[in-house]
Amino acid sequence: MPPAVVYHRRVDLPAIRRDRTAMRRYQCSRPVAAAVTDGLITKDTNVFDYGCGHGGDVRYLKARGFKASGWDPYHRPKGKKQPADVVNLGYVLNVIEDPQERARVLRHAFRLARRLLVVAVRVDQVPDTYTEWGDGYLTNHDTFQKLYSQAEFRAYVEEQLDARAHVASLGIAYVFKDDELESRHMANRAFTRRLEYRTDLIEAFGRNRTAKKLVKLAQQLGRIPHPDEFDAYDELEDAFGSRQRIERLLLRAINPKAFEGSREQRREDMLTFLAMLPLQGLKPPKLKDLAPPLRRDIKAIWPSYAEARKEGLAFLYSLGQADAVRAACKAATVGKRLPEDLYVHRSAEDELPALLRVLLFGARRIVGNLHYDLVKIATDGRAVSFLRYASFDEDPHPRLLESVRVYLPRTSYNIRAYGTSSNPPILHRKEAFVGQDYPYRERFAQLTAAEEAAGLLSSPDIGRRQDWEQLLSARGYRIDGHRLVTLQA
Ligand SMILES: C[S@@+](CC[C@H](N)C(=O)[O-])C[C@H]1O[C@@H](n2cnc3c(N)ncnc32)[C@H](O)[C@@H]1O
């Protein structure tokens, strides 16, 4: 059954604050935002928006200096259906009632794509009351909707197009026509975390005036700024890609020592990369096609590239072995380990043993990139959860907003939203989840020490907000920022 989530919302990131002549702030759809932040839509590519509705994405892209056009049978019938480097087919398949017509549209959109098709469908839940219609249902407004589960969507796209679909996010897939673009996309995903491979990015970030301002703001705030707090965030996204990557570059700029990888870490990175390729159904690229730092690492670590590939494959097979995953969880030097699960902050993921990183990669293949703060890895390797909290850095005890749990052997997932819960789960001991060099670790640790000294953390029922707040006030405390304060009598 499709999970309970509505993901067809337009996203407000990045906004076009730079364009002073644009009075309206256009927003763009999630698939277009994903392709821009993944560096697949650039100023050098042109985009055709197939079934563009009123043309919001086309306006958005054009306002940012991208080349884009669109066509829609109802809203823009005069537009031209034309080939383009990137074709976007966003939330169109859901509304087409006739399955044959649906498949035709998908195949046609793919034919028009020279390098990449971005295809998105709704994967939310069917409402409680509905009228069945064909292979979908009728909405309250008597319009047709076909809803997909993530697995069904991917299988459908792959079958219709006879091509591999990469899950970019829930309900969003990339289907590449250009092999080089596909490999580059894969390598970027494998190496987005360990930054020393991206010396180009590090240097560019160090030189970039806007990035310098972001570093300064982070130093003033004493935490990672939210995109809404920084007017020129969209410029950074243009230059450096995703928010995750900007945050990594920012943390590195604040504390460069945290990002120097050892030889062992580099070896693990290579293994991670080599294991990810077959997971995605891709052949390892030729040695000469790899970026120079990767080539240098392979030559320094293995007798030959063939040996490296062999080890990568053996490594991949150990993913299915619970004992191997358990041993990797035990060997992890970051995160909070409980008997059944290991919890780690997203910034410390690259410090995990390589096997666990590949496990995370496998989970991301199912749900794509999500916004989250912590990952929870089941020590038997059967599940990974992506947990999103409210204001992880700022809130001394952030509350859980959403959990996306991915079941690996079944390649299924389930989503639980806690946003409206009056008594949500909350976090304690935040320092336990982050790496040693996380800039705010000390602040988190000091609060924990104070709470421990006050005997607050040994109480059994502190996992939910209301219980925690009751305990605090019963013991005569409140929390101010990251300080434990005694209530005045
Ligand atoms: C939910 S809207 C999505 C619009 C836009 N792509 C977006 O993401 O905001 C679905 C669109 O599909 C268009 N559509 C319906 N049948 C179509 C077809 N056979 N070929 C192309 N577009 C179609 C509709 O006119 C409508 O604008």
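One-based numbering along the sequence shown.
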Mark yes when over 12 heavy atoms from residues, nucleotides or ligands other than Arg441 sit less than 6.0 Å from its CZ; otherwise mark no.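 Enclosed: over 12 neighbouring heavy atoms sit under 6.0 Å from CZ of Arg441.
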Roughly how far, to the nearest 0.5 Å, is [atom2] of [Y] from [atom1] of [X]?
X	Y	atom1	atom2	result
Trp468	Ser459	CH2	OG	8.0 Å
Asp57	Cys28	CG	SG	6.0 Å
Gln436	Glu431	CD	CD	10.0 Å
Leu401	Tyr389	CG	OH	9.5 Å
Ile377	Leu342	CD1	CG	5.0 Å
Gln466	Arg464	CD	CZ	10.0 Å

Could you walk me through whether Val167 and Arg154 pass the side-chain contact (heavy atoms from CB on, under 4.5 Å) check? CA-CA 8 Å; Val167 175; Arg154 179 159 168 198; 3.6 Å; yes
How close do [X] and [Y] get, heavy atom to heavy atom, and via which atoms?
X	Y	answer
Tyr156	Leu93	CE2-CD1, 4.3 Å
Gly171	Val123	CA-CG1, 3.8 Å
Arg337	Lys330	NH1-O, 3.0 Å
Pro227	Tyr233	CA-CD1, 3.5 Å
Asn94	Tyr91	OD1-CA, 3.7 Å
Pro398	Ala390	CB-O, 3.2 Å

With heavy-atom distances below 4.5 Å as the criterion, would you say the side chains of [X] and [Y] are in contact?
X	Y	answer
Leu313	Leu274	no
Arg364	Leu360	yes
Leu170	Ile415	yes
Leu374	Phe386	no
Tyr407	Asn414	yes
Tyr440	Val434	no
Trp302	Glu311	yes
Leu236	Leu249	no

I need the single residue from Leu370, Leu359, Val375, Ile366 that forms a side-chain contact (heavy atoms from CB on, under 4.5 Å) with Val406. Which is it?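 Single side-chain contact (heavy atoms from CB on, under 4.5 Å) partner of Val406 among Leu370, Leu359, Val375, Ile366: Ile366.
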For Tyr418 and Asn423, which I'm curious about, is there any donor-acceptor pair between the side chains at under 3.5 Å? no
Side chains of Arg30 and Ser169: is there a donor and an acceptor less than 3.5 Å apart? yes
So does [Y] get a backbone contact from the side chain of [X], meaning a donor-acceptor N/O pair under 3.5 Å?
X	Y	answer
Ser391	Glu394	no
Ser149	Glu152	yes
Thr379	Glu340	yes
Arg382	Ala322	no
Arg357	Leu352	yes
Asp480	Arg483	no
Arg164	Glu158	no
Asp467	Ile462	no
Arg248	Ser347	yes

May I have the step-by-step check of side-chain contact (heavy atoms from CB on, under 4.5 Å) for Thr486 and Tyr477, ending in yes or no? CA-CA 5 Å; Thr486 317; Tyr477 293 106; 4.3 Å; yes
One pair to check against side-chain hydrogen bond (donor to acceptor under 3.5 Å, both in side chains): Glu182 and His166. What are the steps and the verdict? CA-CA 9 Å; Glu182 184 171 26; His166 295 252; 2.7 Å; yes
Arg326 vs Asp323, salt bridge (charged side-chain N to carboxylate O under 4.0 Å, His left out): CA-CA, chis, key distance, verdict: CA-CA 5 Å; Arg326 234 174 251 124; Asp323 283 348; 3.1 Å; yes
Relative to the ring of Tyr438, is the ring of Phe444 parallel (under 30°), tilted (30 to 60°) or perpendicular (over 60°)? tilted
Does the pair Leu387 and Tyr343 meet the rule for a side-chain contact (heavy atoms from CB on, under 4.5 Å), with working shown? CA-CA 10 Å; Leu387 309 174; Tyr343 291 76; 3.9 Å; yes
Salt bridge flag under 4.0 Å for residues Glu351 and Arg346: no
Could you walk me through whether Arg429 and Glu452 pass the salt bridge (charged side-chain N to carboxylate O under 4.0 Å, His left out) check? CA-CA 10 Å; Arg429 301 178 190 274; Glu452 255 170 2; 2.5 Å; yes
Evaluate side-chain contact (heavy atoms from CB on, under 4.5 Å) for Tyr174 paired with Leu116, printing each intermediate quantity in order. CA-CA 7 Å; Tyr174 298 145; Leu116 169 71; 3.7 Å; yes
ring-ring contact (aromatic ring centres under 6.0 Å, His included) partner of Phe392, the single match among His345, His371, His397: His345
For the pair Glu451 and Lys430, evaluate salt bridge (charged side-chain N to carboxylate O under 4.0 Å, His left out) and give the outcome as yes or no after the intermediate values. CA-CA 12 Å; Glu451 288 173 350; Lys430 287 193 295 181; over 6 Å; no
Under 6.0 Å from the six-membered ring centre of Tyr305 and within 45° of its axis: does the NZ or CZ of Arg309 meet both? yes
Take Tyr317 and Phe315, measure what ring-ring contact (aromatic ring centres under 6.0 Å, His included) needs, and give me the verdict at the end. CA-CA 5 Å; Tyr317 290 134; Phe315 181 66; over 10 Å; no
